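What you see is a predicted model, and the numbers here were worked out from it, not measured in a lab. For ligands, and for the atoms within them, numbers begin at 1 and follow the listed sequence.
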Amino acid sequence: MKALVCEAYGPIDTLVVKDIPSPVPGPKQLLIKVKAAAVNFPDALMVQGLYQVKPPLPFTPGAEISGIVEAVGAEVMHYKAGDRIIAMVGQGGFAEECIAEAAKAMPLPAGMDFETGAALVLTYCTSLHGLKDCGHLKAGETLVVLGAAGGVGISAIEIGKAMGARVIAAASSDDKLDLCKKVGADATVNYSTENLKDRINELTGGKGADVVYDPVGGPYTEPALRSLAWRGRLLVIGFAAGEIPKIPLNLALLKERSIVGVYWGDSTKHDPAGHLANLHQLHEWFAAGAIRPVVSEHFPLAAAKEAIAKIANRQVKGKIVVLPTAKAN
Ligand SMILES: NC(=O)c1ccc[n+]([C@@H]2O[C@H](COP(=O)([O-])OP(=O)(O)OC[C@H]3O[C@@H](n4cnc5c(N)ncnc54)[C@H](OP(=O)(O)O)[C@@H]3O)[C@@H](O)[C@H]2O)c1
């Protein structure tokens with residue numbers, strides 16, 4: 001089968017598509033024919049050796065997929081060949097076939113296509129966990145989302161609205177902000193042309209925001225933290241800008257602000273029941289039309305490295321997906 005392979009940590013351009021043996025599922029695993037694999041920012045970091053998880057080489061990137069079960073391990077009870085599923089696989093997704101732990105798979109919900117299924121779990125679970133479990137966002141509060149047109153950003157806008165917050169989307173271009181408005185943002189800040197803190201203050205009548213969702217870091221975190229109201233919460237999601245900001249702690253003391261880390265992947269191990277409840281909530285919102293992942297582009301497997309480069313180069317709106325077996329559809 002064909003797969004995108006990282007043979008050495010380094011530039012994204014050094015990834016290659018090649019034939020490798022089909023993987024064989026272990027007793028608790030599924031062999032999946034991959035129909036869609038979402039591209040996420042950590043894929044770009046992982047192949048460069050810049051992510052907290054460093055798989056042994058060579059490896060195939062691609063953390064979240066949807067597809068059709070081809071074979072199941074001897075101890076798997078709840079799936080059979082032909083089932084349509086979504087799975088978090090961590091790596092291996094940019095390939096015609098991949099292995100999923102049965103425990104990390106779920107049926108593709110009725111009415112959901114493969115592309116949407118692949119694009120749902122990582123970003124929406126991160127945002128729901130961040131906003132609800134870590135940020136304690138309440139209805140009527142004001143939420144500011146940085147990098148709002150990106151993968152986790154769009155999901156934070158939609159979930160913020162579903163939780164009853166007023167959502168201010170912040171991004172680097174008017175084009176990106178147009179998409180944010182389309183998915184429900186109440187107000188916008190273009191932080192390439194406007195002063196982030198001043199604009200948030202203006203939009204909140206001088207009170208400041210209650211929660212900031214920050215997947216970007218770099219030069220945006222400190223002004224966003226300074227824009228928080230009394231007892232506001234800054235959610236540390238990631239550092240897509242590349243720089244991990246160093247924050248003067250007096251900004252937390254003043255106004256009793258909290259700086260809260262969010263690590264969705266590990267949170268599912270510490271609180272599996274909470275994770276299941278969140279998945280259930282997402283399915284309900286999807287069925288009600290309250291959340292709808294924006295898949296802006298698809299790529300064949302041969303162009304998977306261009307897709308990863310695109311996310312690293314700040315050029316993606318919403319989510320992009322690779323369709324490894326598109327010709328066989
Ligand atoms: N903590 C967790 O559990 C968790 C889970 C999932 C993802 N994450 C992290 O969240 C971050 C965002 O992930 P994502 O999948 O949403 O990525 P994404 O779709 O690429 O969105 C990131 C956004 O960051 C902004 N950005 C600013 N400077 C950038 C730069 N130099 N290069 C690239 N983007 C830049 C871009 O928006 P503008 O152009 O509008 O500024 C971009 O849309 C990543 O750091 C990822 O590792 C964390």
Side-chain angles (χ1 to χ4, degrees), residues 12 37-48 50-53 61-64 88 90 118-135 144-159 168-181 183 185 188-194 196 212-221 223-224 234-245 259-271 275 278 293-297 307-321:
I12 294 164
V39 183
N40 289 289
F41 200 84
D43 300 324
L45 297 177
M46 200 184 281
V47 299
Q48 296 177 82
L50 302 175
Y51 194 54
Q52 58 254 38
V53 178
E64 61 173 348
M88 292 302 307
L120 180 76
V121 176
L122 196 148
T123 46
Y124 282 79
C125 282
T126 298
S127 292
L128 180 53
H129 171 61
L131 295 174
K132 178 173 77 74
D133 305 330
C134 305
V144 172
V145 180
L146 307 184
V152 293
I154 291 286
S155 67
I157 295 174
E158 290 194 333
I159 290 172
I168 299 173
S172 64
S173 73
D174 290 342
D175 187 36
K176 287 185 173 183
L177 289 169
D178 283 344
L179 173 63
C180 299
K181 280 187 245 166
V183 302
T188 58
V189 184
N190 180 334
Y191 48 49
S192 296
T193 58
E194 296 175 293
L196 181 59
V212 167
Y213 183 94
D214 179 10
V216 184
Y220 307 100
T221 303
L234 174 84
L235 299 176
V236 181
I237 307 295
F239 311 103
E243 181 212 331
I244 299 177
I259 299 171
V260 188
V262 177
Y263 191 175
W264 169 67
D266 265 16
S267 77
T268 63
K269 295 176 204 153
H270 291 279
D271 181 16
H275 170 52
N278 284 353
V294 174
V295 178
S296 59
E297 268 182 277
I308 297 174
K310 221 171 167 175
I311 205 163
N313 293 329
R314 208 174 177 172
Q315 292 167 339
V316 169
K317 283 190 278 179
K319 297 275 283 193
I320 56 177
V321 297

Inset, instruction - Please test Tyr213 against Ile159 for side chain to side chain contact (heavy atoms under 4.5 Å, CB included), starting from the C-alpha separation and ending with a verdict. - result: CA-CA 12 Å; Tyr213 183 94; Ile159 290 172; over 6 Å; no
Inset, instruction - Sequence neighbours left out, what passes side-chain contact (heavy atoms from CB on, under 4.5 Å) with Thr268? Give chain and number order. - result: Trp264, His275
Legend entry - Backbone N/O of Ala309 and side chain of Asn313: donor-acceptor pair under 3.5 Å: yes
Inset, instruction - Kindly write out the residues that satisfy side-chain contact (heavy atoms from CB on, under 4.5 Å) with Ala37, not counting sequence neighbours, or none if the list is empty. - result: Val34, Ile65, Phe94
Legend entry - Partners meeting side-chain contact (heavy atoms from CB on, under 4.5 Å) with Ala44 (sequence neighbours left out): Ile12, Gln48, Ile308, Ile311, Ala312
Legend entry - Contact residues of ligand 1 (heavy atom under 4.0 Å), by chain and number: Phe41, Pro42, Leu122, Thr126, Gly147, Gly150, Gly151, Val152, Ala171, Ser172, Lys176, Tyr191, Pro215, Val216, Ile237, Gly238, Phe239, Ala240, Ala241, Val262, Tyr263, Trp264, Ile311, Ala312, Arg314
Inset, instruction - Could you walk me through whether Tyr263 and Val236 pass the side chain to side chain contact (heavy atoms under 4.5 Å, CB included) test, one step at a time? - result: CA-CA 9 Å; Tyr263 191 175; Val236 181; over 6 Å; no
